[in-house]
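Quick notes on the structure that follows.
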Amino acid sequence: MNTRDDRENSAKAETPRRDFIREIIDEHNRTGRFGQRVHTRFPPEPNGYLHIGHAKSICLNYGLAEEYGGKFNLRMDDTNPEKEETEYVNSIIEDVRWLGAGWVGMREDDPRAGVLWASNYFDQMYEFAIEAIKKGRAYVCDLTAEEVSRTRGTLTTPGQESPYRNRSVEENLELFERMRRGEVPDGTKTLRAKIDMAHPNLNMRDPVMYRIVHATHHNTGDRWCIYPMYDWAHGFEDSLEGITHSICTLEFENHRPLYDWFIEIINEGRTDDGSGPWGKKIHHPQQIEFARLNLTYTVMSKRRLLQLVKEGYVRGWDDPRMPTISGMRRRGFTPEAIREFCRRIGVSKVESTVDVALLEHCVREHLNKICPRVMGVLRPLKLIIDNYPPGQVEWMEAVNNPEDPAAGTRKVPFARELYIEQDDFREVPPPKYWRLHPGNEVRLRYAYFVKCTGCDKDPQTGEITAVHATYDPATRGGDAPDGRKVKTTLHWVSAQHALPVEVRLYDHLFTKPDPNDVSDDAIRAAESGGSAEVQAVEAAAAGKDWKSNLNPKSLETLEAAYVEPSVADAVPGARYQFERLGYFCVDPDSGGPGASGRRLVFNRTVTLKDEWAKIAKKQ
RNA sequence: UGGGGAUUGGUGUAACGGUAGCACGACUGACUCUGGAUCAGUUAGUCCAGGUUCGAAUCCUGGAUCCCCAGCCA
């Protein structure tokens, strides 16, 4: 029931948590660093599908803009023509929209409206590169990739300067122009920043700014054959858009000095009023790094997710077992649940792994409030009410959602032959088993008390084929006039009215909280002796990697489940609670209502908490 | 043995020199026409060693451990 507590909780849920990023922004607002302006962005590279880790970033960035009355941009970071695809662009836009983040210029009628592209700034970046050359801050280098790598030095020793480092401005300009015109083959020249080959931060050892790639870009076609590197491009993308807080993950912390350096060298000879020789200063955003999200029992890297898709371990990017936004959507998660999850995990600089149980908790919490209840039987067992008149059908009134009186009621058909869950009958009940067993009386939800009289078995296999019971007509609706109680209530469906459906049960994709943990294998390897390193090597040699921890039971398909007839016209995406079992969502594989030969397919989103399962597990 | 980060219950996250709190999990119990939901409660933590202070998770010194960086990827 909705109570005052619920309202307080939901009010609490909308309260943003405090975190170090909000503190930095508050400080900027106190000092007036950005004139009280907050402008964030989400800048994905369109080379994969978005996952729950991206959701954290989206919620953070969009949430910040919302809270501070600022703006939020969605920008495709498409600086590498060889990796990026339109399929990914489309999925990213759909996912950000579904999550509920609204970017500047977003429109209902055109998914791409307002979406920004790094590639739109290629001209400006090229101008900046020329400026850097003219300022003596960049040079064209003829070293091959291998040579650059070799002369970079190591973590503890300085690199060597390129022999092309001191070319004249004129020569650099000329060569860069030839690179741009396509006169130079891939890999033979780069434009490099002239910084310091002895810098302790490797990113500052004359990093490459432009490489030559004769490839067709999904957005700019064949207009360019030189493409900016991330480090050169990213800061300008943010600068040009007036981003105030460039929020990114921890691994870019080492890049911040370079990000700042590039903007500063462009600002050399520029002034606030534009009177400098190079004109007006460009905007300098503040980069802030936070820890990316890790979740137990799954993997999050694009490379690995791609591998799962390509190698057929899952059915696609939107497989309901995937931690992708599209997978979670298909599974039945709600944007509200994901947003609440992102709020609860907070933001910090500590690398951490969040228990997937928290995500599941957030999903249950929301689904409990919004899902209509329905009865469905996953593993059917025939229950025959021997004293119920054959051919009689009663339509029992059932509550649609006890959490929401406004959801109303519906009628569910009851008859002599029903299906109940196989788990709900035991010929020999274990301790604390309250469900149906010979001699025991239970309630059938919204119907009658029934008392078990026995069961039929296959004489060959001993398998239970049907359960018999008698009902008490005085308990119609589910209450006994004499005040007697039963210990439990079972869900059921009328055999003649039951809708046959397919149900897909999902479990964690991996069997271990940390899929990288191949320690069992290492232990086995240790039996042959050897140090930890030797064990690791042996485990690897035995082909044991993260994929060996894939859960073979992550998908279980039930072909012969039944649900009550009221859901016959459910549309793909519709969510229900199957009472006592969990939350289920209609899969797109079902086809639309009224489609010929339609057979509903349900995905199990998440189970209900199951006290009995815990007891049974202990026994 | 270079540089950059980080370290609070099982997990995640607060506390900004003044009672170590919240959430998830786990465990009790109450209630219940979902063994659901709800409610009440229990459990369990400041990486280590010194120092400053009336008082330290917080400040100082030293140490330990973990993560990131040697792509013409982002």
Side-chain angles (χ1 to χ4, degrees), chain A residues 1 3 5-6 17-19 23 43-45 47 77 79-80 82-83 141 143-146 148-150 152-159 186-192 198-205 207-213 227 229-231 233-234 248-257 289 291 296 302 344-362 364-365 368-369 373 375 398-399 402-403 432-435 443-447 449 477-479 485-491 513 577-582 607-615:
Chain A
M1 287 295 141
T3 63
D5 290 335
D6 281 342
R17 295 178 66 128
R18 297 306 306 167
D19 55 62
E23 284 183 6
E45 183 189 15
N47 70 342
D77 202 358
T79 56
N80 186 342
E82 294 182 308
K83 285 190 173 180
C141 180
L143 258 28
T144 64
E146 191 273 326
V148 168
S149 170
R150 186 147 36 80
R152 185 152 20 227
T154 71
L155 296 176
T156 50
T157 59
D186 289 10
T188 57
K189 282 183 176 23
T190 56
L191 184 71
R192 292 226 261 166
H199 199 108
N201 180 344
L202 265 37
N203 295 126
M204 303 296 274
R205 319 244 261 228
V208 172
M209 296 159 60
Y210 273 93
R211 78 284 214 183
I212 301 169
V213 183
Y227 289 92
M229 298 289 293
Y230 170 87
D231 283 318
H234 202 82
C248 62
T249 44
L250 252 27
E251 70 270 25
F252 293 103
E253 212 153 13
N254 292 330
H255 296 244
R256 177 159 27 103
E289 309 84 13
T296 55
K302 276 189 199 172
R344 289 204 200 187
I345 59 175
V347 184
S348 77
K349 299 193 70 151
V350 188
E351 283 167 85
S352 55
T353 302
V354 176
D355 192 336
V356 73
L358 178 60
L359 213 209
E360 290 165 355
H361 168 83
C362 293
R364 284 190 191 100
E365 184 178 59
N368 177 47
K369 285 184 191 140
R373 271 61 170 174
M375 289 195 282
V399 173
E403 302 289 323
K432 292 187 183 168
Y433 187 87
W434 304 338
R435 280 115 92 142
R443 174 167 38 232
L444 295 177
R445 183 84 155 146
Y446 300 124
F449 283 14
D479 283 304
K485 300 287 182 193
V486 288
K487 200 80 168 119
T488 196
T489 301
L490 306 187
H491 61 276
Q577 184 196 101
F578 289 5
E579 292 214 37
R580 302 209 301 138
L581 296 173
T607 60
L608 249 24
K609 282 204 222 159
D610 189 347
E611 197 74 18
W612 167 245
K614 280 185 191 174
I615 297 168

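Rounding to whole angstrom units, CD1 of residue A:Ile615 and C1' of B:rG29 are separated by 14 Å. Atom-to-atom, CZ of A:Arg205 to C1' of B:rA70 comes out at 7 Å; the value is rounded to the nearest Å. A:Glu579 has its CD atom 5 Å from the C1' atom of B:rU34, to the nearest Å. As rounded to whole Å, 15 Å separates atom C1' of B:rA14 from atom CZ of A:Arg344. At whole-Å resolution of the value, CZ in A:Phe252 and P in B:rG71 are 15 Å apart. Distance A:Glu146 CD to B:rC72 C1': 13 Å, rounded to the nearest Å. The CD-C1' distance, from A:Glu253 to B:rA74, rounds to 17 Å in whole Å. In this entry the distance linking CG of A:Leu581 with C1' of B:rG35 reads 12 Å, nearest Å.
Here B:rG35 is the nucleotide among B:rG35, B:rU34, B:rC73 with the atom lying nearest to any side-chain atom of A:Arg435. Here B:rG10 is the nucleotide among B:rA6, B:rG10, B:rC72 with the atom lying nearest to any side-chain atom of A:Asp355. Of the candidates B:rA26, B:rU13, B:rA74, B:rU13 carries the atom nearest the A:Ser348 side chain, counting heavy atoms from C-beta on. Closest to the A:Leu155 side chain, of the nucleotides B:rG2, B:rG12, B:rU34, is B:rG2. For A:Thr144, taking side-chain heavy atoms from C-beta onward, the closest of the listed nucleotides B:rC72, B:rC24, B:rA74 is B:rC72. The listed nucleotides are B:rG2, B:rG36, B:rA70; the one nearest the side chain of A:Arg152 is B:rA70. Nearest to the side chain of A:Ala145, among B:rC72, B:rG35, B:rA74, sits B:rC72.
A close approach under 4.0 Å does occur between a side-chain nitrogen or oxygen of A:Ser352 and OP1 or OP2 of B:rU13. Between A:Thr79 and B:rA74 there is a side-chain polar atom (N or O) within less than 4.0 angstrom of OP1 or OP2. Between A:Thr353 and the phosphate of B:rU11, there is no side-chain N or O to OP1/OP2 separation shorter than 4.0 Å. Side-chain nitrogen and oxygen atoms of A:Lys302 include none within less than 4.0 Å of the OP1 or OP2 phosphate oxygen of B:rA74. Phosphate proximity of B:rU34 to A:Lys609: absent, as no side-chain N or O sits under 4.0 Å from OP1 or OP2. For A:Arg580, a side-chain nitrogen or oxygen approaches OP1 or OP2 of B:rG35 to under 4.0 Å. OP1 and OP2 of B:rG71 both lie 4.0 Å or more from every side-chain N or O belonging to A:Arg150. Of the side-chain N and O atoms in A:Arg443, none sit less than 4.0 angstrom from OP1 or OP2 of B:rU34. At least one side-chain nitrogen or oxygen of A:Ser149 sits closer than 4.0 Å to the OP1 or OP2 atom of B:rG71. The side chain of A:Lys349 contributes no N or O atom lying less than 4.0 Å from OP1 or OP2 of B:rU7. Using a 4.0 Å cut-off, some side-chain N or O of A:His361 falls inside it from OP1 or OP2 of B:rC24. Side-chain nitrogen and oxygen atoms of A:Arg364 include none within less than 4.0 Å of the OP1 or OP2 phosphate oxygen of B:rC24.
Under a 3.5 Å cut-off, the side chain of A:Arg443 and the backbone N or O of A:Gly478 do form a donor-acceptor pair. For A:Thr488 (side chain) and A:Arg435 (main-chain N/O), no donor-acceptor pair under 3.5 Å exists by modelled atom type. No donor-acceptor pair under 3.5 Å is formed between the side chain of A:Arg364 and the backbone N or O of A:Gly582. Although no hydrogens or angles enter the test, the distance criterion places no donor-acceptor pair under 3.5 Å between the side chain of A:Arg445 and the main chain of A:Ala398.
To the nearest whole angstrom, the two P atoms, one in B:rG29 and one in B:rG36, are 13 Å apart. For B:rG10 and B:rC27, the C1' atoms lie 13 Å apart once the distance is rounded to whole Å. With P as the reference atom, B:rG3 and B:rA14 are 29 Å apart, rounded to whole Å. If you take atom C1' in B:rG71 and the same atom in B:rC66, they sit 25 Å apart, rounded to whole Å. If you take atom P in B:rC67 and the same atom in B:rU8, they sit 15 Å apart, rounded to whole Å. A gap of 46 Å separates the P atoms of B:rA40 and B:rU52, to the nearest Å. Separation of the P atoms belonging to B:rC47 and B:rU7 is 9 Å when rounded to the nearest angstrom. B:rG45 sits 24 Å from B:rG51 when the C1' atoms are compared, rounded to a whole Å.
Within 4.0 Å (heavy atoms only), A:Tyr433 reaches at least one base atom of the nucleic acid. Among the protein residues, A:Val347 comes within range of the sugar-phosphate backbone only, with heavy atoms under 4.0 Å from sugar or phosphate atoms but none that close to a base. No contact: A:Thr296 has no heavy atom under 4.0 Å from any strand. Here A:Tyr227 lies out of heavy-atom contact (under 4.0 Å) with every strand. No contact: A:Asp231 has no heavy atom under 4.0 Å from any strand. Here A:Lys83 lies in heavy-atom contact (under 4.0 Å) with a base. At the heavy-atom level, A:Asn254 lies under 4.0 Å from base atoms of the strands shown. Note on A:His199: nothing from the nucleic acid sits closer than 4.0 angstrom, heavy atoms only. No contact: A:Glu82 has no heavy atom under 4.0 Å from any strand. At the heavy-atom level, A:Leu608 lies under 4.0 Å from base atoms of the strands shown. Contacts of A:Leu191 with the nucleic acid, taken as non-hydrogen atoms under 4.0 Å apart, are absent.
When every heavy atom of A:Leu358 is checked against every heavy atom of A:Ile345, the shortest pair comes out as CD2-CG2, 3.9 Å. Between A:Thr154 and A:Arg205, the closest heavy-atom pair is O-NH2, 2.7 Å. Taking every heavy atom of both residues into account, A:Asn201 and A:Pro257 meet most closely at ND2-CG, 3.8 Å. Contact detail for A:Lys189 and A:Ile212: the closest heavy-atom pair is O-CD1, 3.6 Å.
Residues A:Glu289 and A:Arg256 are paired through a salt bridge, judged by an N-O separation under 4.0 Å between the basic side chain and the carboxylate. Electrostatic pairing of A:Glu365 and A:Lys369 does not count as a salt bridge here, judged by no charged N lying under 4.0 Å from a carboxylate O.
Annotated as anti: B:rG9, whose O4'-C1'-N torsion sits more than 90° from 0.
Nearest-nucleotide positions on RNA chain B place A:Trp434 closer to the 5' end than the other of A:Trp434 and A:Glu251. Nearest-nucleotide positions on RNA chain B for A:Cys141 and A:Ala447 put A:Ala447 closer to the 5' end.
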